[in-house]
Amino acid sequence: MAVPLLVFDTNVLLDMLLRRDGEHAALLVELAELGRVDVVVPEYVVREFRGTALRWIRDERERTDVVRNSANGWGRCFELGAPADDIRRAASIVAEQLAKLEAQVDEVIARLRNAAQVPAHTQAVHFRGEIRCLEGRPPNRPGVGLADCRIYEALLEIAEQHSGSTQHKFFVTRDSDFDSPELIEELARHGFSIRRDLGRLYGELRGK
């Protein structure tokens, strides 16, 4: 039987960068590098990941500056001088780590491009995502619905291309907006299921 097929959502790439999930996202990519699974990452997901990650890093830098400025003010008080120094040192460490994370964003993308298929984001997929959002169809929701609709249309195109394969097929995401019965049923017709439990999924696939 063909190896399992995994399609990643943007939040899985963020898990790889931030290591906020026990490294399970990176371990799934490692399975792809070993030829144990096939991974597909739509180009839209790759681009959204880069923008989201860099914005997050920028916002955290701004927060670090706020903390440092507060510590500068506290340092003028004798009783707060020592803890203010500790806070400034900690803020400097955070800033150093944020710089390392920024450098790793493109490293994550390069690793994915080597290990996974990255189908191009076409005008047709882009437009179908916009129409889906305009019509209020899932996974649309206020504020972030358009991006999710475009990701879903990219996923649907991949699902249709692999509809006849005998692979176990999974859409791997942390996003509960894709849990709509309409989407679950549509993906199931193409043999896809949605998985948010990356650790358990890795354990299942590692044993195959």
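The first residue of the sequence shown is numbered 1, and numbering continues consecutively from there.
By the 4.5 Å side-chain criterion applied to Ile, Leu, Val, Met, Phe, Trp and Tyr, V66 is assigned to no cluster and stands alone. When hydrophobic side chains of Ile, Leu, Val, Met, Phe, Trp and Tyr are connected at separations under 4.5 Å, W74 ends up clustered with V67, L80, I87.
Both F49 and I57 are members of a single hydrophobic cluster when ILVMFWY side chains are connected at heavy-atom separations under 4.5 Å. Both V45 and V37 belong to a single network of hydrophobic side chains, linked directly or stepwise wherever heavy atoms of I, L, V, M, F, W or Y lie under 4.5 Å apart. Linking ILVMFWY side-chain heavy atoms closer than 4.5 Å, directly or via other members, places V41 and L18 in a single hydrophobic cluster. Linking ILVMFWY residues whenever their side-chain heavy atoms come closer than 4.5 Å, directly or via other members, places L14 and L54 in the same cluster.
Counting all heavy atoms, side chain and backbone alike, A2 lies closest to T166 at N-OG1, 4.3 Å. Residues A71 and A84 approach most closely at O-CB, 3.4 Å, considering heavy atoms. Of all non-hydrogen atoms in A32 and A115, the two that sit nearest each other are CB-O, 3.9 Å. Summarising the geometry of R68 relative to A95, their closest heavy-atom pair is NH2-CB, 4.1 Å, with the distance given to 0.1 Å. In this structure, V7 and P42 approach most closely via the heavy-atom pair CG1-CD, 4.0 Å. Of all heavy-atom pairs spanning A91 and T64, the tightest one is O-CG2, 3.4 Å.
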List the steps, then state whether side-chain contact (heavy atoms from CB on, under 4.5 Å) holds for L112 with V118. CA-CA 8 Å; L112 284 166; V118 183; 5.5 Å; no
Pair K100-E96, salt bridge (Lys or Arg N to Asp or Glu O under 4.0 Å): steps then yes or no: CA-CA 6 Å; K100 291 179 181 178; E96 291 171 5; 6.0 Å; no
L6 vs L201, side-chain contact (heavy atoms from CB on, under 4.5 Å): CA-CA, chis, key distance, verdict: CA-CA 10 Å; L6 283 63; L201 178 61; 4.2 Å; yes
Quick one: do L13 and F8 satisfy side-chain contact (heavy atoms from CB on, under 4.5 Å)? Show the steps, please. CA-CA 8 Å; L13 277 60; F8 284 175; 4.0 Å; yes
Residue pair V39, L28: steps toward the side-chain contact (heavy atoms from CB on, under 4.5 Å) verdict: CA-CA 9 Å; V39 171; L28 289 173; 5.8 Å; no
Does the salt bridge (Lys or Arg N to Asp or Glu O under 4.0 Å) test come out yes or no for R63 and D65, once each step is laid out? CA-CA 5 Å; R63 271 206 265 225; D65 290 340; over 6 Å; no
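Contact check for D15 versus E23: no side-chain heavy atoms found under the 4.5 Å cut-off. Under the 4.5 Å side-chain criterion, counting only non-hydrogen atoms from C-beta, L155 is in contact with L187. Between L156 and E186 there is a side-chain heavy-atom pair separated by less than 4.5 Å. Residues L183 and P139 form a side-chain contact, since some pair of their non-hydrogen atoms from C-beta on lies under 4.5 Å apart. At a threshold of 4.5 Å between non-hydrogen side-chain atoms, the residues V94 and S92 do not count as touching.
When atom types are taken as modelled, the side chain of S165 and the backbone of H162 share a donor-acceptor pair closer than 3.5 angstrom. Checked by atom type and distance alone, the side chain of D175 pairs as donor or acceptor with a backbone atom of D177 at under 3.5 Å. Judged by distance alone, with hydrogens and angles left aside, the side-chain atoms of R132 form no donor-acceptor pair with the main-chain N or O of N140 at under 3.5 Å. Between the side chain of R150 and the main chain of E130, no donor-acceptor pair closer than 3.5 Å is present. K169 contributes no side-chain N or O that, together with a main-chain N or O of S193, makes up a donor-acceptor pair within less than 3.5 Å.
Atom CZ of R20 sits in a crowded spot, with more than 12 heavy atoms from other residues, nucleotides or ligands closer than 6.0 Å. Environment of CD in E62: crowded, with over 12 heavy atoms of neighbouring residues, nucleotides or ligands closer than 6.0 Å.
Between the side chains of Q167 and D38, at least one donor N or O sits under 3.5 Å from an acceptor N or O. With 3.5 Å as the limit, one finds no donor-acceptor pair spanning the side chains of E157 and Y152.
E204 and R195 are joined by a salt bridge, as a carboxylate oxygen and a charged side-chain nitrogen come within less than 4.0 angstrom of each other.
Among the candidates T173, D179, D9, the single residue satisfying the side-chain hydrogen bond (donor to acceptor under 3.5 Å, both in side chains) test with R196 is D179.
Note: I151 CD1 to E48 CD = 4.0 Å, rounded to the nearest 0.5 Å.
The side-chain hydrogen bond (donor to acceptor under 3.5 Å, both in side chains) pairs that include a residue from residues 101-111 are E33-R111, R50-D106, R61-E102, where partners are two or more places apart or lie in different chains. Annotation: ring pair (Phe, Tyr, Trp, His ring centres under 6.0 Å) contacts involving residues 91-132, sequence neighbours excluded, comprise Y44-H121, H121-H126.
In this view, E135 and I131, R137 satisfy the side-chain contact (heavy atoms from CB on, under 4.5 Å) rule, not counting sequence neighbours. Taking F178 as the reference, F171 meet the ring pair (Phe, Tyr, Trp, His ring centres under 6.0 Å) condition, with sequence neighbours excluded.
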